[in-house]
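What follows is a single structure, written as structure tokens, with notes after it.
Just so you know, these numbers come straight off a predicted model, no measurement behind them. Below, chains carry the letters A, B, ... as their sequence lines are ordered, and counting in each starts from 1.
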Amino acid sequence: MDEGTCGGGTGGQAAAAGVDGPGPPGLRERPRDADEARALQERSAPLVRHDAIDAGAVSLVAGLDVAYSADDDRLAAAAVVLAAPEWEVVDSATAVSRPRFPYVPGLFAFREAPALLEAVAQLGTRPDVLVCDGFGLAHPRRFGLACHVGVALDRPVLGVGKTPFVGRAEEPGRERGAWSPLVDDGEVVGRCLRTRTGVKPVYVSVGHRVDLASAAALTLRMAPRYRLPEPVRQADRLCRERLAAA
DNA sequence: GCGACAG
DNA sequence: ATCTTGTCGC
């Protein structure tokens, strides 16, 4: 593990009171190369669980996102916890480090997950669900970032992507709440969901310990006003801010 | 073989 | 991801 500077946040100063955990082997280490990374994903994919959860009963959600520096090679990860039903920020943490893996479509998690897990470990709050900016099962090997983070933490995680990666979906109805299945290789790997009437839809997929219907319902509840779920918007804002600071 | 390819 | 202003529309 490289050096990494962490910053606690809004709520608890006492670190590590929230989510943490060793998780299964491999997911917290850096693969030697792309082949090893792919093998690790194939080995981990069977561990993903789909559990139905009551989206309306979820009260604490953590949004996760990463920002990259324009000039140097720093990267900042943020985890922001929001409380339903108004989604006000109740806790947050950040971690600054360097990418530990090159950007390769499909191996995205090996780049961002280490810093994200570091930020999550700093939280003083234990969220019911975590939301990643990216995909879960909607991935070539059915093990995208949301699955990687979910299995590593053994916590409920879902992914919300802004642009399609794998699979195809028909254009959902124009109204908020309309959706269509995201299908890849004959398999439903996610859902194309319209969170705002007349606005480009988002792509929801299962990360871990949550099923697709629950993930979509929760995504809609977390996005009462903007296209992206509030936790993701807040995490996006915080990691950029953290990068702007020294 | 060629192009596409989450952030 | 990042480089980047104003502008059209609800």
Side-chain angles (χ1 to χ4, degrees), chain A residues 27 34 37-38 40-41 44-45 48 63-80 94-120 130-151 157-169 174-176 182-185 187 189-208 212 215 219 224-229 231-244:
Chain A
L27 298 181
R38 293 190 188 92
L40 179 53
Q41 293 181 324
S44 306
V48 171
L64 275 41
D65 195 15
V66 169
Y68 296 83
S69 168
D71 27 68
D72 54 73
D73 67 341
R74 290 176 312 147
L75 142 181
V80 182
T94 57
V96 176
S97 62
R98 321 283 162 186
R100 291 150 166 91
F101 206 80
Y103 172 67
V104 180
L107 300 181
F108 193 47
F110 295 100
R111 217 172 141 67
E112 302 201 339
L116 286 172
L117 293 173
E118 202 176 330
V120 169
L130 295 90
V131 193
C132 285
D133 183 345
F135 295 104
L137 293 178
H139 175 277
R141 288 166 294 283
R142 308 295 183 253
F143 201 73
L145 178 64
C147 297
H148 192 116
V149 170
V151 173
V157 179
L158 63 95
V160 177
K162 299 181 286 293
T163 61
F165 181 33
V166 296
R168 71 166 298 279
R174 186 171 183 286
E175 341 70 50
R176 163 180 156 85
L182 176 62
V183 181
D184 181 48
D185 203 23
E187 183 178 359
V189 296
R191 194 173 282 194
C192 180
L193 174 67
R194 188 91 65 182
T195 52
R196 284 202 71 189
T197 298
V199 173
K200 190 203 301 184
V202 297
Y203 299 82
V204 180
S205 58
V206 169
H208 187 49
L212 185 54
T219 297
R225 178 165 182 193
Y226 298 98
R227 177 165 88 116
L228 295 178
V232 171
R233 296 185 69 244
Q234 292 306 317
D236 176 79
R237 185 196 63 67
L238 182 60
C239 59
R240 294 194 202 210
E241 178 182 290
R242 183 67 169 77
L243 216 45

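As rounded to whole Å, 17 Å separates atom P of B:dG7 from atom NE2 of A:His148. If you measure from atom OH of A:Tyr203 to atom C1' of B:dG7, you get 16 Å, rounded to the nearest angstrom. A straight line from OH of A:Tyr226 to C1' of C:dC10 spans 14 Å, rounded to a whole angstrom. Across the protein-nucleic acid pair, A:Leu243 atom CG and B:dG7 atom P stand 18 Å apart, rounded to whole Å. Whole-Å rounding puts the A:Leu75 CG to C:dA1 C1' distance at 10 Å. Here the P atom of nucleotide B:dC5 and the CG atom of A:Leu145 are 19 Å apart, to the nearest Å. As rounded to whole Å, 5 Å separates atom C1' of B:dA6 from atom CZ of A:Phe135. Protein atom CZ of A:Phe165 is 9 Å distant from nucleotide atom P of B:dG7, rounded to whole Å.
Under the 4.5 Å side-chain criterion, counting only non-hydrogen atoms from C-beta, A:Phe165 is in contact with A:His139.
Note on A:Gly106: a base of the nucleic acid sits closer than 4.0 angstrom, heavy atoms only. In this structure, A:Leu116 reaches neither bases nor backbone, as no heavy-atom distance under 4.0 Å exists between it and the strands shown. Using a 4.0 Å heavy-atom distance criterion, A:Pro140 is classed as making no nucleic acid contact.
Between the OH atom of A:Tyr68 and the CD atom of A:Glu112 there is a distance of 3.5 Å, given to the nearest 0.5 Å.
Taking side-chain N and O atoms only, A:Lys162 has a distance below 4.0 Å to OP1 or OP2 of B:dG7. When the side-chain nitrogen and oxygen atoms of A:Ser69 are compared with OP1 and OP2 of C:dT2, none of them lie within a distance under 4.0 Å.
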Pairing annotation in dot-bracket form, given for DNA chain C with Watson-Crick or G-U pairs under 3.5 Å and | for cross-strand partners | ..........
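A distance-only check finds no donor-acceptor pair linking the side chain of A:Arg111 to the backbone of A:Phe108 [under 3.5 Å]. A donor-acceptor pair under 3.5 Å links the side-chain atoms of A:Thr195 to the main chain of A:Arg227, judged by distance alone.
Picking from B:dG7, C:dT2, B:dA6 the nucleotide with the shortest atom distance to the side chain of A:Pro105 gives B:dA6.
With respect to the salt-bridge test (charged N to carboxylate O, under 4.0 angstrom), the residues A:Asp184 and A:Arg142 qualify.
A:Arg233 forms a cation-pi arrangement with A:Tyr226, by the criterion of a distance under 6.0 Å to the ring centre and an angle within 45° of the ring axis.
Applying the salt bridge (Lys or Arg N to Asp or Glu O under 4.0 Å) test to A:Asp65 and every residue at least two apart in sequence or in another chain returns nothing.
Once the 5.5 Å centre distance and the 30° plane angle are applied, the aromatic ring of A:Tyr103 is found stacked with the base of B:dG7.
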